[in-house]
Structures are given as structure tokens and as C-alpha cells.
Chemist: 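After the C-alpha cells below, expect a handful of questions from me.
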Amino acid sequence: MHVLPKQISKSLWVIFILFALLVVFRSNSIDKKEISWDVFGYYLPLVATFQQDDALLNDRSWVEKLNNEKQLSGTVYQISSNDEGKPMYFFLFGMSYFYAIFYFIGDLIAGWTGCATDGFSPPYQFSLVYGCMIYTLIGLLYFRKILREFFSEDITSITLLLIVLGTNYAHHMSLKNLETVNVLFMLATILIWNTIQWHKTFQFKNLIWIGLSVALMALVKPSEILFLLLPMLWNVTNKETFKEKLKRISAHKVQFLVVILCCFLLAFPQLYYWHLKTGSWIYDTYKNPGVGLDIFSPHIYNSLFSYRKGWLVYTPLMLFALTGLYFVYKNNKKIFPAVAISLFVSSYIVFSWTEWWYGAGFSNRPMLTYYPLLAIGLGYFLKEILKWNRVIQFSIGLCMLFFVFLNQFQWWQMRNYILDPYRTTKAYYWATFLKTQVTPEQQELLLVNRDFTGNNEFTDKQKYTCKTLVNNHFSKLKGGSFYSPSEEEFGYSHKVPFSELTKKDHAWIELRFDYKCTSTEQPILVAFCMDRKNGAYGYTTFELEQDSLNWKSKTIHFLTPEIRSKSDILKIDFWKRSPANLWIDNLKIVVYEKK
């Protein structure tokens, strides 16, 4: 008997079409420096191990040389240090796990084609780009499987289309597919689907995938270990169901112990590396005082509604997903606590990050990891409106279509440098709303332009008002000038809270002074930074010329960094890195504030 092939479902066709569009778009947008900035940091363990024979990263000089030659990032922030100041990887090994197979494929292709086998030539970059598209496809396929657990083919297909075309999904799964969110989305979908299946059948294979997904997510981005809340709370609605969950875990305790062991083995290279470099099995390499968690003062409003990067400003379609959480509660109370609590806790951590705008992403990048959960809310919303009258359905449908159009248009604006990924303000957003060109007058509405290397030049004084903060001629001191003897490491210092400098988001600091000094082995530095509870950030230094005991005049301009808190302290130090006598006179500190 001839058996007809099984018909491909509507939602699968949607997946294939959407993925094909992403691949075509990505193929036309491959950059010459795909392995740069954060991606360079994720990739670094592979280069260190297989190119430089320095798997533990004991020498940072080759990284600095590589960065200078290839211009991969403004600074080598991809390297951290242990308590003794020795270099360590800044990022965890998670992403390098996912890059590894494509690194080796690129290495083989480079050898066959005669390209440089340096880890950065085109074969490596193409291999990574197209290889990571496989993770995008896996994420989409599992995403569909999750939706089909709750919804019909039609609602699943519409939800897929809305999420992919109406949010920042397409940007981060195409242009930015080498970044963490692509892998995290895939792992989240695998975890959610296996969570659903395990609670149906309690099969070991689903449990192992849950454990490995959580472990890998934590190795990619440590805060994502909170996704463990989802399987823990799945089907837990009260004390009785919680006790039932504990009984179920106890009944499968051997399986759980095996899963824990597998997760430990997966994480062991990272743990062992920390132990080798620091003596501790757990170590925080994320030593950046300017970036961290503000648990008790989260940036919720800015994260959601800021014109700079507000999630609901640039991804308004997700308002329907959030509304849909009510219908999850109304129609599926068994999963609501797990979904709602996981979303709330994870989102709170995302919104508590001091750098709440998350770099150059489109909309709020980290929220993408939680779209598989939010899509359940969106699906229930779509399912609910089918019960309403046609006028309301038509109105909501029209609104959704507009949000999809707006999302796509604003994404086009960002790719064409009309919407700035770092500097957009409310005034600039509305001045360029649905515009295809930007004028010089509109560009004046942007936030201050910052050079990632820290080499900012103060070229537009006429746009600022100024006030004198310090004007000291040291006339009352012996000799009529400030004197710092050679045994002192630091000469003159000054501290002032940012709140006393300006009420705006930034200020330019002008430091003028006369000085003379004895010759030193290393130049004397004038150091600027912002001090906060965890240390200093925005650290910038300027060298003083050495001219034994001849007075010189110096003027320095410093742009304050992205301020984490108005209470942070501006600190100015004269730092003598080797013994020297230093005299300072006619010191003046002027603050320039935007008009």
C-alpha cells in the first residue's frame, strides 16, 4: 500500500519561512569584524588554547597586541584579574562551548583554502555566523513545540509571526546571533519544553535536558540560573501540590543525583580554572565597579519606558503578552505561578543591572530570553479575543499590525543610524518618529557622544554654561604653591559628589594648573574617576611632561562617564608612580553643564 507523506503543519511552514528570511538577511549583513567586543571575550578561551598555547591566560600582552592589530574593541575589557592582579578571563566559558565546533570547522576550511589559520580569518567568521544560525533554528523549533502544547496550529503560527516580526527577536537572532541571547533563547526553549514533558511522563531524558540546560545557561550568563525556578514551581499552586512535588523528586532521587553529577561535570572546567587561578572554586571575575546589580534600587521605569532603550517603547507588542498573563491565570492555574514568578524574579534582576540600557542592542536585549514564557501569555491573549466581538478583534488586530510595522521600521531606523542605539532621548525620538532622514538640528537632541576608547574631546564649549568649582592659588602656603614631597605617592587630590557638579546626565570637567616636578622613572599622572561603593569606574589618566623644575601650564578636559548614581564621587588625583617632588600652583576646576 502506498503511504502518503505526512503533511507539514502550518506552524512548521511558518518556522521554515521565518528562518529562511533570517538566514538571507544575515547573509547580506556579515561584518568583517564579527569576532569583536563581547564576542571576542566569549571566543577568547578558544584563541588562547588553540592559537596561543596559553589556555589559562597567563599573559595578557598577546591579547593587547591582537586587539591593537585587528581593532577588535576600544579597550581590552575582556580580561579580568585575580586578587594578585594576574590576568583571567572576564567572561565564563559557556559561549566558547557553543563556538567550539564551528571554530574547528573554520580551522579546517582555512587550512584547505589557504586562508590564515589565526582564528579570525573569513572561514572562522563565516563558520561562526552560519553555525550559530543552527542554534536559532533549534530555538525556533522548540519554541513552536512549547506553543503547540497549549494552542492550535493557527494561534501558534500567529504567535510565532508576532514574536519574530513584532519584537527585537529578528535583530538579535540575525545581526547579533553570535551574542549570548541567541544561545540563551535556545536553551530556555529546551528547558521549558522538557519541563512540560517531564511533568507528564517523568522520563529521565527530560530531566537530564532540564539540568544540562540550566547548567549551560548559568555558564553563559550566571544570573540565568534563576530559570531553575520554572521546573521547581511547575504545577505547584499551593502547599499540597508543593508537597506532591517534593514526593515526586524523592521518588526519582537517583535520577536527580545523576543530573546533578552531569551538571557538575559540565561546569567543572570553569570551576577548576577558577581554582587554579585564585585558589577558590567559585570566583567573581566581573570586576567592573561601574557595572553590577542595584538590587535595592532597580531601574524599572527606564528599563520599560526610557526612550533610550525602553523595552515597551521599542517592543510595544509585548503589552499584549503581559496582558495575556491574566488569561494564563484564568485558564491554566497549574502553570501560572511558575510562569509569573520566573518572569518577575528574572525581570527584576534584568532591571536591576546598573547598565540598564545593555549596550547597543535593539530594545531591552536580555528580555528576549523570557519570550518563550511571555509568548504563552500572548497565545492565551489571542485565544481569548476569539471570544470577543468582531469590532474589538479587528481593532486589536489592527493595533498589533501597527506595532509589527513600528518595530520593523524602528529596526530599519537603527540599522541606518537614524535611531541611535546609545544616545536617543525623548526629544530626539519624537523628532525622528517615522522619519527616513535625520537633520543636524535633530542630532543636537541626542545624549552626549562618548568615545569608547575614553579619548573624548571637548569641542563644543559654546553649548555649555560653566561654573568654577575650585580656584586655588595656594598663596597662604609656604612658598606660595602646593608642595608634595617625593615620599608621597599621591599629590593633590579633590573629591566632589556628582550631584554637586550638575543636575544633568553628564558634565565636562576642566582642570587648569601650573606645575613643576623632579624627573621620575615613570610620568606623573592626573587621574579622574567616579567612586562608588564597589570601587572606581570611568577611570581616565593624563600624563604630565617632565621638565626638571621648570614651571609648565596644563589644561585637561574630562567627560564624566555614564553615571550609576547621583551620589557617586568625582575623584581627581595627582599620582606619582615613582618618587618625585611635585609643586602645583594656580589650580582651577571648572564645571561645564549643557545649556
Side-chain angles (χ1 to χ4, degrees), residues 37 74 166-172 175-176 290 299-319 350-351 353-368 402-466 498 501-508 538 557 559-566 591-595:
W37 298 97
T167 72
N168 52 341
Y169 176 96
H171 173 74
H172 288 283
L175 293 179
K176 302 293 183 178
H299 308 275
I300 295 174
Y301 181 84
N302 281 333
S303 297
L304 292 175
F305 303 113
S306 165
Y307 286 90
R308 184 178 187 182
K309 203 65 69 68
W311 180 47
L312 296 178
V313 171
Y314 293 97
T315 317
L317 183 77
M318 298 312 286
L319 285 166
V350 168
F351 300 157
W353 200 245
T354 51
E355 194 176 305
W356 53 266
W357 57 92
Y358 289 95
F362 179 47
S363 186
N364 192 309
R365 181 186 66 208
M367 290 303 294
L368 261 162
F402 174 71
F403 284 162
V404 170
F405 160 76
L406 181 63
N407 176 82
Q408 289 292 315
F409 187 81
Q410 290 185 148
W411 183 31
W412 176 86
Q413 284 184 310
M414 195 185 79
R415 299 199 309 273
N416 288 274
Y417 307 101
I418 296 169
L419 271 178
D420 192 285
Y422 289 100
R423 302 167 57 207
T424 297
T425 62
K426 178 181 179 180
Y428 181 83
Y429 178 88
W430 289 112
T432 59
F433 187 71
L434 299 182
K435 297 288 197 311
T436 57
Q437 292 182 329
V438 59
T439 65
E441 292 77 17
Q442 290 167 338
Q443 288 181 323
E444 292 295 322
L445 302 172
L446 290 166
L447 293 172
V448 65
N449 190 21
R450 300 177 186 276
D451 190 309
F452 290 115
T453 64
N455 299 320
N456 297 291
E457 294 186 12
F458 192 19
T459 58
D460 51 357
K461 277 189 181 182
Q462 71 279 5
K463 298 173 184 176
Y464 289 76
T465 59
C466 67
F498 181 83
L501 297 176
T502 179
K503 302 300 180 186
K504 303 292 180 65
D505 66 293
H506 75 284
W508 279 95
H557 292 108
L559 173 62
T560 56
E562 296 275 7
I563 298 301
R564 278 38 177 177
S565 170
K566 295 284 187 180
V591 179
Y592 287 85
E593 184 179 49
K594 195 73 180 285
K595 292 179 180 178

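Numbers for residues simply follow the sequence, beginning at 1.
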Chemist: Show, in sequence, the C-alpha distance, side-chain angles and deciding distance for Leu447 and Arg308, and conclude whether the side-chain contact (heavy atoms from CB on, under 4.5 Å) test is met.
Modeler: CA-CA 9 Å; Leu447 293 172; Arg308 184 178 187 182; 3.9 Å; yes
Chemist: Under 3.5 Å, side chain of Asp451 to main-chain N/O of Asn456, donor-acceptor pair present?
Modeler: no
Chemist: Among Trp356, Trp311, Tyr314, which residue meets the side chain to side chain contact (heavy atoms under 4.5 Å, CB included) test with Ser306?
Modeler: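 For Ser306, the side chain to side chain contact (heavy atoms under 4.5 Å, CB included) check succeeds only for Trp356.
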Chemist: Locate the shortest heavy-atom distance separating Ile418 from Gln437; write the atom from each residue and the value.
Modeler: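 So the two residues come closest at CD1-N, 4.0 Å.
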Chemist: Contact between Asn364 and Thr315 at the side-chain level, heavy atoms closer than 4.5 Å - yes or no?
Modeler: no
Chemist: Please identify each residue that fulfils ring pair (Phe, Tyr, Trp, His ring centres under 6.0 Å) with Phe433, with sequence neighbours left out.
Modeler: Tyr429, Trp430
Chemist: Are the side chain of Arg450 and the backbone of Thr560 linked by a donor-acceptor contact shorter than 3.5 Å?
Modeler: yes
Chemist: With sequence neighbours excluded, what pairs up with Arg365 under the side-chain hydrogen bond (donor to acceptor under 3.5 Å, both in side chains) test?
Modeler: none
Chemist: List the atom of Tyr592, the atom of Lys461, and the distance in Å for their closest heavy-atom pair.
Modeler: OH-NZ, 3.7 Å
Chemist: My understanding is that only residues two or more places apart in sequence, or in another chain, count here; which of them pass salt bridge (Lys or Arg N to Asp or Glu O under 4.0 Å) with Glu444?
Modeler: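 Glu444 satisfies salt bridge (Lys or Arg N to Asp or Glu O under 4.0 Å) with Lys463 once adjacent residues are dropped.
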Chemist: Take atom NZ in Lys426; do more than 12 heavy atoms of anything else shown fall under 6.0 Å from it?
Modeler: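 No, not enclosed.
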Chemist: Taking Glu562's backbone N and O only, do any of them form a donor-acceptor pair with Arg564's side chain (distance below 3.5 Å, no angle check)?
Modeler: yes
